[in-house]
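Heads up: the structure comes next, in C-alpha cells.
Each residue takes its place number in the sequence, starting with 1. All ligand and atom numbering here is 1-based and tracks the order in the structure.
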Amino acid sequence: MKKKIIIAPSLLAADFSKLKEEIQEVEKYGAEYLHLDVMDGSFVPNISFGAPVISAIRKHSNLVFDVHLMIENPERFIKDFVDVGADIITIHAEATKHLNRAIQLVKSYGKKVGISLNPSTPVEFIKHDLKNVDMILIMTVNPGFGGQAFIGDMIEKIKKLRALDKNIDIEVDGGINAETGRMVKEAGANILVAGSYIFSGDYKKKIDSLK
Ligand code: DX5
Ligand code: ZN
C-alpha cells in the first residue's frame, strides 16, 4: 500500500520575529507536521532553539510537532521535549552510545520515536532497531544548517531502507524542493521536511508542489 505523503515545514527557515503567524500559514495551506530543529552547537556546528520556544508556539498550533534533536546524549533532555508538547522525538544514531536505551526512553513517555542518520551513516547501523521505532529520518544534507544542497547519493540509501521495511515512515530532511521531492518520493520516502523552499514565499504553491 502506498503511504500518504506528509509535508513537514522546518521552522528553522521561518521569520523568527513572527513565529505564530508563520506556523498558522503553513497549517492553513495543508502541512501536517511542524519540523522543529534543535541544535546544541556540539553535535552540529550551530545553535538554534530549545524547549522554551517550542512551549511558546505549542498553544498556537494543532500541527504534529516533529522534534529533530541534533544534540549530544539526547537522553538528558527527552523529558523536557515531552513536557512542552512534542509528538514525535527523533534522535541521531550518532549522538548516543546507547541508542536502544534512548529509544525506549522516548517510548516510555508514550511518544512516537524516530532515528536520524547522517549522510555517512549506513542503514545497516539501525537494522535491528527498525521494529522498535516509528520513523527513520534520512538526512539528505549534513545537519546543522538550512539552505544546503541535496546530496544525490542519498536516493540509493532511501531505496535500500524502503526495501528493508515496507511500512516504516521514512522522512527526508535537507535540500528538499519540487524536484528533489519527486526523487525522494519515488525512492520510497513519505515524509518531506522543507525549510528554505517553503518559507521563501508562496507557501501554498510550495506545499502543493511537494505532495
Ligand atoms: C538541517 C535541518 C533541516 C533544515 C532543512 O540540519 O535538520 O531541517 O531546516 O533546511 P532546508 O530545507 O532549507 O534544507
Ligand atoms: Zn531537521
Side-chain angles (χ1 to χ4, degrees), residues 5-16 19 22-23 25-26 29 31-51 53-54 57 63-72 74 77 81 86-95 106 112-121 133-155 157-158 169-185 189-203 205-211:
I5 301 299
I6 290 172
I7 307 303
S10 168
L11 197 68
L12 196 63
D15 181 340
F16 281 12
L19 289 181
E22 293 277 74
I23 295 163
E25 284 271 293
V26 292
Y29 293 133
E32 290 94 348
Y33 287 9
L34 185 67
H35 186 80
L36 297 157
D37 290 300
V38 177
M39 303 180 182
D40 68 352
S42 175
F43 181 69
V44 289
N46 196 10
I47 295 175
S48 57
F49 51 79
V53 171
I54 297 176
I57 58 178
L63 291 167
V64 172
F65 273 21
D66 170 32
V67 176
H68 177 194
L69 295 180
M70 284 161 275
I71 62 180
E72 296 281 1
F77 296 103
F81 291 100
D87 297 297
I88 306 170
I89 297 181
T90 296
I91 52 188
H92 267 264
E94 308 86 357
V106 177
K112 284 195 169 182
V113 59
I115 308 174
S116 183
L117 300 177
N118 281 337
S120 292
T121 306
V133 302
D134 300 285
M135 180 175 96
I136 304 294
L137 167 53
I138 301 281
M139 289 308 302
T140 42
V141 297
N142 285 296
F145 304 92
Q148 303 180 82
F150 181 84
I151 300 174
D153 290 346
M154 295 302 104
I155 292 294
K157 189 165 163 181
I158 298 163
D169 280 330
I170 301 181
E171 184 175 57
V172 287
D173 184 8
I176 299 298
N177 55 36
E179 191 195 345
T180 54
R182 186 182 44 74
M183 289 157 57
V184 294
K185 284 188 288 184
N190 66 298
I191 305 177
L192 275 59
V193 175
S196 47
Y197 177 63
I198 291 177
F199 285 104
S200 58
D202 209 341
Y203 302 176
K205 194 174 138 208
K206 302 285 184 60
I207 291 170
D208 285 348
S209 76
L210 294 172
K211 289 220 168 185

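- Ligand 1 does not have Ala13 within reach: every non-hydrogen atom of the residue lies 4.0 Å or more from it.
- Residues Ile57 and Leu11 have side chains in contact (heavy-atom distance under 4.5 Å, counting atoms from C-beta outward).
- Atom NE2 is the N/O/S atom of His35 found closest to the Zn ion (ligand 2).
- Shortest non-hydrogen contact noted between Pro143 and His92 is CG-CE1, 4.2 Å.
- No hydrogens or angles considered: nothing links the side chains of Asn118 and Thr121 as a donor-acceptor pair under 3.5 Å.
- Those atoms of ligand 1 with a heavy atom of Gly174 less than 4.0 angstrom away are 14 (O).
- Side chain of Thr140 to backbone of Val172: no donor-acceptor contact under 3.5 angstrom is found.
- Those atoms of ligand 1 that come under 4.0 Å of a heavy atom in His35, given as number and element, are 8 (O).
- For atom 12 (O) of ligand 1, the closest heavy atom belonging to the protein is Gly195 N, 2.8 Å.
- Applying the side chain to side chain contact (heavy atoms under 4.5 Å, CB included) test between Val133 and each of Thr90, Val106, Ile91, Ile115 identifies Ile115 as the sole match.
- Note on Asp173: its N/O/S atom closest to the Zn ion (ligand 2) is OD2.
- The aromatic ring centroids of Tyr203 and Phe199 lie less than 6.0 Å from each other.
- For atom 2 (C) of ligand 1, the closest non-hydrogen atom of the protein is Asp37 OD1, 3.4 Å.
- Close contacts between ligand 1 and Pro143 involve ligand atoms 6 (O) [criterion: under 4.0 Å to a heavy atom].
- Counting only heavy atoms of the protein, atom 9 (O) of ligand 1 lies nearest to Ser10 OG, 2.8 Å.
- Using a distance-only test at 3.5 Å, with no hydrogens or angles considered, no donor-acceptor pair links the side chain of Lys211 to the main chain of Ile5.
- Atoms of ligand 1 found under 4.0 Å from any heavy atom of Ala194, numbered from 1 in the order shown, are 12 (O).
- Proximity to Leu12 (heavy-atom distance under 4.0 Å) selects the following atoms of ligand 1: 9 (O).
- For ligand 1, the atoms closer than 4.0 angstrom to any heavy atom of Met39 are 6 (O).
- Closest of all the heavy-atom pairs between Tyr197 and Ser209 is OH-OG, 2.7 Å.
- Protein heavy atom at the shortest distance from atom 14 (O) of ligand 1 is Gly175 N, 2.8 Å.
- For Lys205, the NZ atom sits in a loose shell: 12 or fewer heavy atoms of surrounding residues, nucleotides or ligands are nearer than 6.0 Å.
- Remark: minimum distance from atom 11 (P) of ligand 1 to any protein heavy atom is reached at Gly147 N, 3.6 Å.
- Some N or O of His68 is nearer than 3.5 Å to an N or O of ligand 1, by distance alone.
- When only modelled atom types and interatomic distance are considered, Ser10 and Asp173 share no side-chain donor-acceptor pair under 3.5 Å.
- The closest side-chain donor-acceptor pair between His68 and Asp66, if any, does not fall under 3.5 angstrom.
- With a 4.0 Å cut-off on non-hydrogen atoms, Phe145 touches ligand 1 through its backbone and not its side chain.
- Contact annotation: for Ser196 versus ligand 1, heavy atoms closer than 4.0 Å belong to both the backbone and the side chain.
- Residues Met70 and Ser116 fail the side-chain proximity criterion, which asks for heavy atoms closer than 4.5 Å.
- Nearest N, O or S atom of His68 to the Zn ion (ligand 2): atom ND1.
- Shortest contact from atom 5 (C) of ligand 1 to any protein heavy atom: Asp173 OD1, 3.5 Å.
- Protein heavy atom closest to atom 10 (O) of ligand 1, with residue, atom name and distance, is Gly146 CA, 3.5 Å.
- Looking only at atom types and distance, the side chain of Asn190 has a donor-acceptor partner in the side chain of Asp169 under 3.5 Å away.
- Listed by number with element, the atoms of ligand 1 under 4.0 angstrom from any heavy atom of Met70 are 6 (O), 7 (O).
- If you check the side chains of Lys206 and Ser200, you find a donor sitting under 3.5 Å from an acceptor.
- Of all N/O/S atoms in Asp37, OD1 sits nearest the Zn ion (ligand 2).
- Counting protein heavy atoms only, atom 6 (O) of ligand 1 is closest to Gly144 N, 2.7 Å.
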